[in-house]
Amino acid sequence: MSLHVAVLIVSFRGWRDVVDCLRALERSEHRDFSVFICENGGPDAYAALERAVPPQLPGGQSVALSLAPGNLGFAGGVNACLDAAGSADAYWILNPDTQPEPGALASLVARLQEGDCDMVGHDIVLPSGVLASRSGRWSKRTARAISIDHGRPRESSLGRREVEAAMNYVIGASMLVSGDFFERFGRMREDYFLYCEETEWCLRAKDQGARLGYDETAVVLHAHGSSTGGGGELRSRSRIAVYLIERNRVLLTRDRFPGLVPMASMFALLHLMLRCARASAWRQLAYGVSGWAAGLRDERGRPSWF
């Protein structure tokens with residue numbers, strides 16, 4: 001049975017990325033889908049997106065655009081797309097700076113239809129050709145998100161069982177979820193604004209009985225951090241990216257593992273300091289320490305300075 005998939009894309013002033021993503025989706029072997037895009041970047045960005053994006057793909061799939069009332073962050077944008085999409089057999093949360101291979105969606109749908117998982121992760125590949133991740137593992141004692149097989153060639157493949165045994169969250173750049181996932185396990189938290197929200201969501205859902213799966217055949221190319229400044233060398237990363245990553249590491253610990261906050265927050269600070277020292281990223285160290293402190297103060301949502 002073919003599943004109808006609602007593809008949910010959150011854009012932030014990146015219409016070119018969206019166009020490239022849609023061009024990749026045009027080649028999808030799974031044809032039964034529709035696309036819902038929320039623009040978080042304001043009226044000018046929405047107008048540029050509207051000029052660039054057709055209301056329908058060549059294969060007949062509809063493309064619906066909406067303008068957020070402000071910058072809702074990643075989870076807020078996903079939730080706005082979800083409201084616009086309504087009921088679907090499955091939902092594919094997909095970053096605009098991704099380009100799925102033609103068989104990716106078909107493989108993810110087939111994995112979901114095996115019936116032993118509620119959310120599916122897969123291989124995400126960087127433009128260099130190496131793996132960004134297969135899925136993720138959150139270390140609760142050190143407040144670290146570990147991308148499985150990051151930096152390795154895709155050919156050095158782990159098997160499905162090994163990845164599924166290691167993973168406890170699916171990377172937010174591309175995650176396929178069942179049609180009733182949101183109803184059964186809730187939505188992503190909007191108070192994180194950006195970063196770690198998909199990790200908290202998966203951990204929370206797992207605590208409620210959700211099953212995470214991995215498909216070893218689906219591949220999506222990801223130009224990591226193109227809209228947020230969170231990719232590339234540490235010394236070049238933006239204030240908002242570094243600040244929110246460090247803040248939300250602490251917030252996730254407060255929300256899911258409150259008894260570990262003293263230990264995990266100290267490990268998080270030490271990890272930040274070591275990484276920045278190795279890279280001589282002193283500006284990013286200041287950004288990160290301020291975010292870490294904001295997490296300890298339980299500050300949430302969009303930072304007042306952004």
Side-chain angles (χ1 to χ4, degrees), residues 21 24 74 92-112 114 116-177 195-203 205-206 210-226 228 230-234 236-237 241-242 245-246 248-249 252 256 264 267-268 271-272 274-275 278-279:
C21 183
F74 177 65
W92 194 11
I93 300 169
L94 193 63
N95 271 20
D97 56 354
T98 59
Q99 296 177 32
E101 288 193 350
L105 182 54
S107 295
L108 293 174
V109 167
R111 179 70 186 91
L112 190 65
E114 290 182 28
D116 63 344
C117 59
D118 306 292
M119 177 188 290
V120 187
H122 58 87
D123 289 0
I124 297 177
V125 178
L126 296 171
S128 63
V130 302
L131 283 163
S133 72
R134 298 194 190 277
S135 283
R137 178 76 190 174
W138 179 260
S139 171
K140 63 183 180 181
R141 290 180 174 80
T142 60
R144 284 187 63 195
I146 301 166
S147 293
I148 297 172
D149 272 1
H150 174 78
R152 294 186 179 182
R154 185 165 182 264
E155 291 72 23
S156 60
S157 177
L158 290 175
R160 178 192 292 186
R161 289 184 180 179
E162 293 123 313
V163 174
E164 290 183 346
M167 67 188 288
N168 58 13
Y169 74 94
V170 172
I171 304 297
S174 174
M175 48 200 325
L176 186 75
V177 303
Y195 297 115
C196 293
E197 59 273 268
E198 85 273 28
T199 309
E200 190 280 334
W201 188 38
C202 289
L203 294 173
K206 278 178 61 65
R211 302 160 300 171
L212 307 183
Y214 163 75
D215 179 74
E216 65 274 24
T217 59
V219 178
V220 171
L221 176 69
H222 185 205
H224 179 65
S226 68
T228 64
E233 296 296 326
L234 181 57
S236 65
R237 293 181 189 174
V242 177
I245 288 171
E246 299 305 322
N248 292 350
R249 291 172 69 181
L252 189 155
R256 304 307 315 159
F267 272 116
H271 181 243
L272 170 69
L274 289 174
R275 287 170 54 237
R278 284 198 297 264

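- Under the 3.5 Å distance criterion, the side-chain polar atoms of Arg152 are left unmatched by any main-chain donor or acceptor of Leu131.
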request  = Begin from the C-alpha positions of Met119 and Met175 and carry the test side-chain contact (heavy atoms from CB on, under 4.5 Å) through to its verdict.
outcome  = CA-CA 7 Å; Met119 177 188 290; Met175 48 200 325; 3.6 Å; yes
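- More than 12 non-hydrogen atoms from other residues, nucleotides or ligands lie less than 6.0 angstrom from CZ of Arg275.
- Atom CD1 of Ile124 is separated from atom OG of Ser147 by 8.0 Å, given to the nearest 0.5 angstrom.
- Minimum heavy-atom separation, Val219 to Ala104: O-CB, 3.6 Å.
- Using a 4.5 Å heavy-atom cutoff, the side chains of Leu252 and Leu203 are in contact.
- Here the shortest heavy-atom pairing between Ala223 and Asp97 reads O-OD2, 2.7 Å.
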request  = Could you walk me through whether Cys21 and Thr98 pass side-chain contact (heavy atoms from CB on, under 4.5 Å), step by step?
outcome  = CA-CA 6 Å; Cys21 183; Thr98 59; 4.0 Å; yes
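- His150 places a side-chain N or O within 3.5 Å of a backbone atom of Ala132 that can act as its donor or acceptor partner.
- A side-chain donor-acceptor contact under 3.5 Å links Asn248 to the backbone of Tyr195.
- Taking CZ of Arg144 as the start and CG of Leu272 as the end, the distance is 12.0 Å to the nearest 0.5 Å.
- With a 4.5 Å cut-off on side-chain heavy atoms, His271 and Thr142 do not count as touching.
- Counting all heavy atoms, side chain and backbone alike, Leu234 lies closest to Ala279 at CD2-CB, 4.1 Å.
- The number of heavy-atom neighbours closer than 6.0 Å to CZ of Arg211, taken from other residues, nucleotides and ligands shown, is above 12.
- Two residues are said to be in side-chain contact when any heavy atoms from C-beta on lie closer than 4.5 Å; Pro100 and Leu94 meet this criterion.
- A 4.5 Å side-chain heavy-atom check between Val170 and Tyr214 finds every atom pair outside the cut-off.
- The distance from atom CZ of Arg249 to atom CH2 of Trp138, rounded to the nearest 0.5 Å, is 6.0 Å.
- Note that CD of Glu114 is 4.5 Å distant from CZ of Arg160, once rounded to the nearest 0.5 Å.
- Taking every heavy atom of both residues into account, Asp149 and Arg134 meet most closely at OD2-NE, 2.7 Å.
- In this structure, Arg237 does not pair ionically with Glu246, as no charged nitrogen and carboxylate oxygen lie closer than 4.0 Å.
- Nearest heavy atoms, Leu212 versus Met167: CB-CE, 4.0 Å.
- To the nearest 0.5 Å, the span separating OG1 on Thr199 from CD1 on Ile171 amounts to 7.0 Å.
- Minimum heavy-atom separation, Gly172 to Phe74: O-CZ, 3.7 Å.
- When side chains are defined from C-beta on, His222 does not count as touching Ser174, because their heavy atoms never get closer than 4.5 Å.
- Separating the CD atom in Gln99 from the CG atom in Leu221 is a distance of 5.5 Å, to the nearest 0.5 Å.
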